[in-house]
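Numbers restart at 1 for each chain; the letters A, B, ... are given by sequence-line order, proteins then strands.
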Amino acid sequence: MTTDRYNPREAEPRWQKVWDDKDLYASNTTPDNEKQPYYVLEMFPYPSGRIHMGHVRNYTMGDVVARYKRAKGFEVLHPMGWDAFGMPAENAAMKNKTHPKSWTYENIATMRDQLKSMGLSIDWSREFATCDVEYYGQQQKMFLDFLKHDLVYRKNAKVNWDPVDMTVLANEQVIDGKGWRSGAEVEQRELTQWFFKITDFADELLQAIDELDEWPDKVKLMQSNWIGRSRGAKISFPFVKGDGVKEDKLVCFSTRPDTLYGASFMAIAAEHPISLELAKNNPKLDAFIKECRKIGTSAADIETAEKQGFDLGLTVAHPFIEGKELPVYAANFVLMDYGTGAVFGCPAHDQRDLDFARKYALEVTSVVATPEAPDTPVEVADIAYVDDGVLVNSGPMSGKRKDDAINTAIDVLAERGLAEEEINFRLRDWGLSRQRYWGCPIPVVHCDDCGVVPEKEENLPVELPDDVTFDVPGNPLDRHPTWRDVPCPSCGKPAKRETDTMDTFVDSSWYFARFVTPTAENPTIPEAANKWLPVDQYIGGIEHAILHLLYSRFFARAMSIGGHMDIKEPFKGLFTQGMVVHETYGSQGMGWFQPSELDIREADGKRVATRLDNGEEVPIGGIEKMSKSKRNTVDPDEIIATYGADTARWFMLSDSPPDRDVEWTDAGAEGAHRFVQRVWRLVATWSGELAKIDLPETSNTNDVRKITHKTLKAIGEDIERLGFNRAIARIYEYVNTLSSVKADDADAEQKAALKEGLSVLVQCIAPMMPHLAEQCWEAMGGKGLVSEQAWPQFNADLAKDDVITMPIQINGKKRADLEVSPDANKDEIEAATLQLDVVVKYLDGKTPKKIIVVPKRIVNVVV
RNA sequence: GCGGAUGUGGCGGAAUUGGUAGACGCGCUGGCUUCAGGUGCCAGUGGCCUUACGGCCGUGGAGGUUCGAGUCCUCUCAUCCGCACCA
């Protein structure tokens with residue numbers, strides 16, 4: 001019998017239209033719907049132009065969950081939107097003389113079509129972009145709300161300033177300390193900016209991490225470390241030599257007050273008030289401070305910069321050691337934002353302090369001993385000793401372990417009024433001001449008389465003006481002829497609008513809540529939000545492990561305070577998927593090449609790439625994240641046009657565990673496509689013959705039927721835990737089993753089991769390859785659409801093994817197999833083991849020293 | 001620099017979380033089929049030794065714990081991600 005090949009190009013749009021016409025994926029969120037709600041969400045895309053394979057992978061995973069849960073009887077909410085504000089739109093506007101708005105919406109239109117061609121089960125009626133005025137207007141309402149509840153404030157903060165372009169630069173736009181366009185040396189400038197008080201929630205955000213039991217441990221750990229709660233002491237060091245300083249003491253924060261006897265210097269931030277004050281009369285110090293400002297604002301830059309200090313000529317008294325004075329330095333590695341902006345340096349027990357001490361020839365005094373040799377301090381050369389130990393030569397702390405010694409140090413100093421215990425957080429408040437056009441305007445007005453005044457709610461939304469130009473650098477809102485001019489909402493006199501817009505992280509901190517009621521007149525409808533939130537399963541990249549997820553957690557709390565909902569944790573289940581990577585071709589001076597520009601083939605066991613245009617050989621480079629700059633991207637459109645969406649979806653799920661990187665290879669895509677055809681062939685071959693057969697009786701317990709139920713059980717478990725690659729491996733095995741049934745020698749029972757098996761197969765692949773599944777379902781004469789079917793139930797008796805094979809080890813090495821009933825107890829297994837020829841041979845008449853029997857697992861005979 | 005991860009055949013990876021290492025797929029080898037194919041089917045495929053039976057070695061590297069380690073511990077090497085104005 002010949003069967004045609006399955007043609008996805010014809011079938012996929014057809015089934016998409018069928019789903020569309022039936023409005024199959026719209027969520028019914030009316031209150032009288034008794035189905036259990038399930039909210040699955042993938043991180044929404046930035047509309048950069050076209051979708052990439054990373055999107056295909058991300059949205060396929062979410063779609064599998066959505067389709068599976070729908071089949072399991074849940075009312076599934078699976079929406080899509082666009083994280084549409086941001087810098088690239090302005091860059092495009094500058095480069096291509098277009099407008100950020102038209103650039104963004106055109107990209108959205110393209111990408112929407114691309115996503116639709118993937119056959120995702122999304123409720124498109126809920127779609128919005130964060131740059132829709134209907135969305136950011138609601139965001140402005142919330143901002144005013146937060147302002148009212150004292151969750152927002154203004155303070156000075158540093159920005160990267162390009163003195164040539166006269167504009168603020170993002171960290172990304174600073175390359176080796178220079179502006180990316182002008183090439184000018186970047187300066188730091190202080191601006192008054194808006195901040196969310198996320199630090200008010202530091203403790204709560206930290207403690208609540210414990211309850212996020214459906215989050216990956218690594219993300220929870222990263223968030224904990226980011227919040228960085230540390231217990232320590234604020235310690236005062238009275239000045240001995242304090243010329244030119246108003247204060248009589250220097251206050252520092254330390255988490256290791258136990259090591260005070262090892263202190264040999266003090267270091268304060270270059271921006272510390274004392275340092276700034278002294279710089280007024282000290283040009284060298286002033287120059288040093290300016291030099292420190294050049295390092296940049298990013299943490300990585302500051303901490304990798306070579307340690308530099310400036311001796312301020314001051315000294316302070318050591319609080320424990322009578323007569324000892326410590327010199328005070330301004331240093332580039334001390335952060336003004338953390339603690340008090342001052343530390344005491346204990347070089348023996350802190351690596352940064354040690355590096356600094358070696359550079360400036362300061363004392364290194366070890367005051368910690370290992371528990372093994374508790375009397376002699378460890379010797380410190382180039383590596384500081386930071387582990388727990390026993391304090392020595394440390395007055396009241398001597399002989400105590402770290403934690404105990406810390407308490408003692410605080411207690412003793414506190415009695416003398418020199419210290420108090422303090423809890424410090426690494427977390428800083430969230431600066432949300434951006435000096436840019438393409439973002440949500442901050443709805444406040446600056447009035448000469450009234451100061452900073454919130455815009456009236458009835459005047460919202462504060463809409464971005466369309467008539468702006470990007471021919472010169474800087475924020476177009478600042479130079480707009482009229483937009484800024486508004487009456488003061490308080491006194492009515494002429495005033496000026498705030499021209500800063502919001503960080504795009506604000507937009508993405510609550511979009512999941514808006515999807516529940518995307519057209520509501522307020523940001524949310526609390527009853528609906530409370531019913532649908534938190535998101536049951538959130539899926540996205542690990543790169544968002546800290547900022548986006550932490551900001552959203554803060555936002556949920558702030559929104560609760562504002563009465564927008566009563567949910568504090570926005571994401572119940574979190575899954576972080578890996579990247580799509582691909583081989584790179586070229587460079588070493590010749591530039592990068594796209595796979596489509598090359599002929600890549602195997603020659604003499606080596607893969608060789610040559611240019612299609614001139615035959616020149618191009619080196620094959622490393623496997624890296626797909627990126628435009630390396631030109632190692634694969635366009636999903638082309639893949640879908642060649643193989644169909646199901647092949648792309650299947651491949652993205654099949655090869656690697658979903659949380660790891662997956663390498664795109666043509667061979668892999670072809671393999672996935674062969675499987676698509678194989679399933680179709682299997683179904684098409686049998687569909688005629690099986691049409692007449694009744695479904696199996698319960699008494700039918702042949703092997704095919706047992707494997708069907710075993711597979712069904714396993715696949716359900718795999719999908720529940722998002723083990724898509726494992727589910728797929730099982731489906732491959734299952735297809736191998738079903739394919740082994742041959743028409744010529746199959747009896748009636750086998751055919752009946754096969755009929756059931758094929759139906760189960762099609763339902764199992766439906767979440768991953770929905771179009772093929774519909775086509776197969778139709779061919780098999782299934783009722784309705786497979787997308788509408790309930791998930792098949794497995795029969796627990798059939799899914800159970802009658803007999804299991806246990807490995808028998810002798811001295812830890814496998815020597816035999818033993819077939820036993822899965823219910824066999826230890827004694828039965830041991831008895832059967834001792835009967836085995838191999839065991840008898842190895843024992844050679846002796847009694848074994850030990851027999852370890854782990855039922856259902858293993859037997860180990862120790863001779 | 002700090003924080004987080006990863007490392008298993010020629011390749012992607014599996015291993016019920018301390019219990020048969022290499023499931024499944026790709027690739028490769030041999031055979032068959034075919035109207036063409038980058039099609040389909042069958043068999044084989046970690047390394048070394050062995051005619052065979054079988055044996056030894058093997059999860060980045062070095063140690064350790066255990067009846068038993070890819071999995072736990074210590075050290076070490078390599079690669080990747082995040083670091084607060086990229087999204």
Side-chain angles (χ1 to χ4, degrees), chain A residues 5 43 45-46 48 83 85-88 157 159-160 168-174 193 198 216-219 221-222 224-226 228 297-305 307 333 337 351-352 355 426-436 503-505 508 541-548 550-551 576 578-579 581 602 605 622 624-625 651 654-657 659-663 665-668 670-672 674-675 677-678 681 714 717 723 725-726 728-733 736 739 805-814 816-817 849-852 854 856-862:
Chain A
R5 282 170 74 82
M43 291 178 185
Y46 177 78
S48 55
D83 189 12
F85 275 135
M87 229 168 33
V159 291
N160 301 307
V168 175
L169 297 178
N171 284 337
E172 194 188 51
Q173 298 171 314
V174 180
Q193 308 196 60
I198 190 171
D217 287 340
K218 60 178 170 183
V219 175
L221 193 55
M222 281 192 257
S224 295
N225 291 334
W226 186 260
T297 55
S298 96
D301 288 341
I302 293 167
E303 285 172 43
T304 49
K307 290 176 186 46
F333 65 91
D337 295 320
Q351 192 60 46
R352 283 181 306 182
D355 295 343
R426 211 185 72 98
L427 182 69
R428 308 200 297 256
D429 274 334
W430 172 10
L432 66 120
S433 295
R434 295 293 180 271
Q435 294 70 39
R436 277 197 271 278
D503 179 5
T504 56
F505 272 121
S508 56
I542 184 72
E543 67 273 19
H544 294 294
I546 297 172
L547 292 179
H548 162 59
L550 191 61
Y551 289 157
T576 54
M579 294 179 304
V581 295
E602 192 126 351
E624 296 183 41
K625 178 179 181 171
F651 179 41
S654 64
D655 252 19
S656 292
D659 53 347
R660 286 222 225 140
D661 292 352
V662 63
E663 187 192 348
T665 59
D666 291 342
E670 281 163 19
R674 273 203 294 275
F675 182 73
Q677 296 298 348
R678 196 170 164 212
R681 217 165 34 238
E717 288 165 359
N725 58 323
R726 281 185 287 210
I728 282 178
R730 279 188 224 282
I731 291 173
Y732 273 114
E733 284 178 272
N736 288 342
S739 303
T805 306
M806 286 177 62
I808 307 301
Q809 293 183 336
I810 293 166
N811 291 336
K813 282 196 186 299
K814 191 202 157 193
D817 284 316
K849 282 190 195 132
K850 205 174 186 183
I851 300 182
I852 292 124
V854 186
K856 292 185 188 174
R857 289 279 161 76
I858 205 161
V859 180
N860 191 6
V861 182
V862 185

Roughly how many Å apart are B/C56 and B/G60, using the P atom of each and rounding to a whole number? 22 Å
Output all residues satisfying side chain to side chain contact (heavy atoms under 4.5 Å, CB included) with A/Ile851, sequence neighbours left out; order by chain, then residue number. A/Glu830, A/Leu834, A/Pro848, A/Val853, A/Val859, A/Val861
Between CG of A/Asn860 and CG of A/Asn811, what distance do you get to the nearest 0.5 Å? 7.0 Å
Distance, P atom - from B/C85 to B/G12, rounded to whole angstrom: 37 Å
For B/U33, glycosidic torsion class - syn if within 90° of 0, otherwise anti: anti
Side chain of A/Gln809 only, please: which of B/G19, B/A23, B/C85 is the nearest? B/G19
In whole angstrom, give me the gap between the C1' atoms of B/U8 and B/G58. 10 Å
Please give the distance between the P atoms of B/G22 and B/U45 as a whole number of Å. 12 Å
So CZ of A/Arg434 and OG1 of A/Thr504: to nearest 0.5 Å the spacing works out to 7.5 Å
Both A/Arg428 and A/His544 contact RNA chain B. Which one's nearest nucleotide lies toward the 5' end? A/Arg428
Could you please name the option among B/C86, B/A14, B/A87 that lies closest to any side-chain atom of A/Glu172? B/C86
When the nearest nucleotide of RNA chain B is assigned to A/Tyr732 and to A/Ala300 on a heavy-atom basis, which residue is associated with the more 5' position? A/Tyr732
Same-atom distance (P) from B/G19 to B/A14, integer angstrom: 16 Å
Gap between atoms CG and P, on A/Asp666 and B/G38 respectively (whole Å): 16 Å
Taking only the C1' atom of each, what is the distance from B/U20 to B/G68 in whole angstrom? 12 Å
Whole-Å distance separating the CZ atom of A/Phe651 from the P atom of B/G13: 11 Å
Examine the base of B/G38 for any acceptor or donor lying under 3.5 Å from a partner atom in the side chain of A/Glu670, and report the outcome as yes or no. yes
Length of the CE-P vector between A/Met222 and B/A84, whole Å: 15 Å
Look through every strand shown and name the nucleotide pairing with B/A78 as Watson-Crick or G-U wobble, where both distances are under 3.5 Å. B/U6
With A/Lys814, which residues qualify under salt bridge (charged side-chain N to carboxylate O under 4.0 Å, His left out), at least two apart? A/Asp817
Distance in angstrom units between A/Asp817 CG and B/A21 C1', rounded: 15 Å
Using purine N1 to pyrimidine N3 plus N6-O4 or O6-N4 for Watson-Crick, or N1-O2 and O6-N3 for G-U wobble, each under 3.5 Å, what pairs with B/C53? none
Here the distance between atom C1' of B/A87 and atom OH of A/Tyr551, to the nearest Å, is 13 Å
Of the options B/U6, B/G4, B/U39, whose atoms approach the side-chain atoms of A/Arg660 most closely? B/U6
Side-chain donor/acceptor of A/Gln193 to base of B/C85, under 3.5 Å: yes
Looking at every strand, decide which applies to A/Phe505 at a 4.0 Å heavy-atom threshold: base, sugar-phosphate, or nothing. base
Can you tell me, in whole Å, how much space there is between the C1' of B/C53 and that of B/U16? 34 Å
Pick one for B/G9: is it syn, with its angle within 90° of 0, or anti? syn
With a non-hydrogen cut-off below 4.0 angstrom, is A/Thr805 in contact with a base, only sugar-phosphate, or nothing? base
Measure distances between side-chain N and O atoms of A/Asn171 and base N and O atoms of B/C85, and say whether any donor-acceptor pair falls under 3.5 Å. no
Whole angstroms only, please: what is the CZ-C1' distance between A/Arg674 and B/G40? 11 Å
Looking only at the side chain of A/Asp503 (C-beta and beyond, no hydrogens), which of the listed nucleotides B/G13, B/A84, B/C85 gets closest? B/C85
So A/Phe505 and A/Tyr551, would you call those rings parallel, tilted or perpendicular, with 30° and 60° as cut-offs? perpendicular
Which whole-number value in Å describes the distance from A/Lys813 NZ to B/C57 P? 5 Å
When rounded to the nearest 0.5 angstrom, what distance separates CD1 in A/Ile198 from CG in A/Leu550? 4.5 Å
Taking the same atom, P, in B/G10 and in B/A43, what whole-Å distance lies between them? 24 Å
For A/Asn736 and A/Arg678: C-alpha separation, side-chain torsions, deciding distance, then whether side chain to side chain contact (heavy atoms under 4.5 Å, CB included) applies. CA-CA 10 Å; A/Asn736 288 342; A/Arg678 196 170 164 212; 2.9 Å; yes
Gap between atoms CD and P, on A/Glu543 and B/G82 respectively (whole Å): 7 Å
